[in-house]
There are 2 protein chains.
Amino acid sequence: MRSSQVTIKDLAKQLGISPSTVSRALKDHPDISEETKKAVKELAQQLKYQPNAVALSLKHSRSHTIGVIIPEIVHYFFSQVISGIEDVAYDAGFTVIICQSNEMFDREVSNAKALLSHRVDGILVSISKETSDFEHLRNVEDGNIPMVFFDRVCPEIEADAVIIDDYQAAYDATQHLIEQGCKRIAHFAGPLNLIIGRKRKEGFIQALKDYNIPVYEDLIVEADSFETGHQTVKQLFKGPDRPDSLFAVNDLTAIGAIQAIHELGLKIPDDVAVTGFSDGRFSNIVNPKLTSVDQHGYEMGKTATEILLKRIMEDQREYTPETRVLKGNLIVRNSSVKKS
Amino acid sequence: MRSSQVTIKDLAKQLGISPSTVSRALKDHPDISEETKKAVKELAQQLKYQPNAVALSLKHSRSHTIGVIIPEIVHYFFSQVISGIEDVAYDAGFTVIICQSNEMFDREVSNAKALLSHRVDGILVSISKETSDFEHLRNVEDGNIPMVFFDRVCPEIEADAVIIDDYQAAYDATQHLIEQGCKRIAHFAGPLNLIIGRKRKEGFIQALKDYNIPVYEDLIVEADSFETGHQTVKQLFKGPDRPDSLFAVNDLTAIGAIQAIHELGLKIPDDVAVTGFSDGRFSNIVNPKLTSVDQHGYEMGKTATEILLKRIMEDQREYTPETRVLKGNLIVRNSSVKKS
DNA sequence: TTGAAAGCGCTAACAG
DNA sequence: CTGTTAGCGCTTTCAA
């Protein structure tokens, strides 16, 4: 016997009235007598009636559900985003379906399909590192499902987006290192097919240029995980003209790097100043505490969801996509401040 | 105009056949001619037809969706659990709805309601710190929705559960400290209304007893966050007969404690040996590296989901609930090993 | 080999 | 004030 959940029919039968009356009574329709309302509501409570959201979705072609496609929730930043999403959605009476792509393109495609199939009212997306074909997202567009990107946006699709100013934040972080007297600054970059990877690199380079510091191409390496951060330091920092500082594309990479730097017998920040990006739970916990950029995950999730819900409500086919840019705040801690 | 997704009717109309034929053709029903099948499938692909999961759910009283009620996904452990859940669910063609209780009872109750309303086929639950009334979960039981607890189980409801052997793991961690020569061991405990909190405390105490070490009640304090871990150390470790070691109920607490211990000018592990619990991303990153218990989050999520899916499939009203106990492995690192 | 009709749970126009 | 009916998208007898 499948779930024995109570339906409106059950209530109607027990009360000897019609289902439509029950339906109306439950929503306080003015036509219904107080007496009937009371009887219906009491029985509903007693039998623990829960409206069938599935039937409602079908009826109204509105699921009051939004879908989220997110790379990996293990990352503090993304889990913060989800909290922002859930809080807003929850207050608006929306349910959230979260799908992890695990940074895999195929998984992301299935995720999109599943969400379309579930007839979500809107979708929030942050694309995976692997994604460079956007057919699956175009399907969402074509299906007229509102879609808002966050953090990792898609270059080829015109849609709302919430990002931080990665360029400026990277610029700020680099400038900060320069102001500490650093001259040979390494950058561990993110995947350059992602806009965030490119923007952070550009901000880095521009800061160097503005301060007339030569840009050494071999000090710019793609490395965006604890392991690659660690390995890359071991190669890049062993020679005599090693970098005197490092700007890493995220905190975990910075921390992998920090460990390797320690293993090489170098001191942070005096031998090597280090800056991360994202300001996760780690930044305050490692030794030395890590200078990083606060990416405002919670706010990003909140904002993206607010925009999405607005789109869902206004429900017009044509609109001008809006890109909301949050400011990334550089938070200076011990890993980058040279004693002078 | 709401979502313009293609339906079976659209296909039928365009092909001049009936919806039922289309339906059958799409599922390769043997009665349908190859010709028709081909035509239908081609058009479906061309128009990017996606079956309406909502309609299917209503029709079959089966949503192929499972709900998860989880305290907070920011915690590494819980996000690991979710990955385990998603992987298994995904392979079985199930969608996952994740709800965070944020450790709030009220939120947990709404979560349960929402999931019931969405007619999920089953629910996975780890209760919040605040939860001591279980009415909402009893509603799930009464609705005949299969339910499996993980990690934080509910004492009053007979249901399947997947946990680790918290008692034994705490015992092992304590024993390890004792073997390092520790005599005054503090325990920062979790909320004692949670079984995990009680079990870990019991394992701690039993280990002390087995080794004839006095149990000092004032060295057992409820503290289960970075902040409380930090504060508690400041109070408890300042006197001359301070503890020589600490077993914390989770890693973040241990790390808060470690920072405070450093601030007091004490050395880890020589002055104070420290052990955490959960083995998150942090354990390897802090200095010194933290001894901790691997809680096997991914495996826990996987196992819980496997059991849940089994219950959903077999679909019998009566069964004997099963409690699967995973072993928690103590992982010894620098924070607890005294040089001798 | 295909179509017509009923029904999953609910709502809303239309009747009464 | 309440009941009847149709329909959301799909499947599935039953009939042709």
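Note that the structure is predicted; figures quoted are calculated from it, not measured. Chain identifiers are assigned alphabetically (A, B, ...) following the order of the sequence lines, protein sequences preceding nucleic acid strands; residue numbering begins at 1 within each chain.
Taking a 4.0 Å limit (strictly below) on heavy-atom distances, residues 8-15 of chain B reaches DNA chain D at Ile8(B), Lys9(B). The stretch residues 36-58 of chain A touches DNA chain D through Thr36(A), Leu58(A), each having a heavy atom under 4.0 angstrom from the strand. Taking a 4.0 Å limit (strictly below) on heavy-atom distances, residues 23-33 of chain B reaches DNA chain C at Arg24(B), Asp31(B), Ile32(B), Ser33(B).
In 5' to 3' order, the nucleotides of DNA chain C bounding all contacts with chain B (an atom under 4.0 Å from a heavy atom) are dT1(C) to dG9(C). A nucleotide of DNA chain D counts as in contact with chain A when one of its atoms lies under 4.0 Å from a heavy atom; the first and last such, 5' to 3', are dC1(D) to dG9(D).
For the ring pair (Phe, Tyr, Trp, His ring centres under 6.0 Å) condition, the pairs that include at least one residue of residues 99-135 of chain B, sequence neighbours left out, are Phe105(B)-His136(B). Judged as a salt bridge (charged side-chain N to carboxylate O under 4.0 Å, His left out), the pairs with a partner in residues 86-101 of chain B (not counting sequence neighbours) are, in order, Arg107(A)-Asp87(B). Among residue pairs with one or both ends in residues 21-34 of chain A, those qualifying as salt bridge (charged side-chain N to carboxylate O under 4.0 Å, His left out) are Asp28(A)-Lys37(A), Asp28(A)-Lys41(A), Glu34(A)-Lys37(A); sequence neighbours excluded.
By the side chain to side chain contact (heavy atoms under 4.5 Å, CB included) test, Val81(B) is found to be paired with Phe77(B), Ile85(B), Phe150(B), residues two or more places apart in sequence or in another chain being considered. In this structure, Asp151(B) has no salt bridge (Lys or Arg N to Asp or Glu O under 4.0 Å) partners at least two apart in sequence or on a different chain. With sequence neighbours left out, Glu35(A) forms a salt bridge (Lys or Arg N to Asp or Glu O under 4.0 Å) with no residue at all.
Note on the helix from dT1(C)-dA16(D) to dG16(C)-dC1(D): angle between the axes of the first and last five pairs equals 60°, rounded to 10 degrees.
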Checklist entry - Between Glu135(B) and Arg138(B), does a side-chain contact (heavy atoms from CB on, under 4.5 Å) hold up when you go through it step by step? => result CA-CA 5 Å; Glu135(B) 173 79 3; Arg138(B) 237 170 259 117; 4.2 Å; yes

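With contacts defined as side-chain heavy-atom distances shorter than 4.5 Å, the pair Leu137(B)/Phe149(B) qualifies.
In terms of position along DNA chain C, the nucleotide closest to Ile17(B) lies nearer the 5' end than the nucleotide closest to the other residue of the pair Lys59(B) and Ile17(B).
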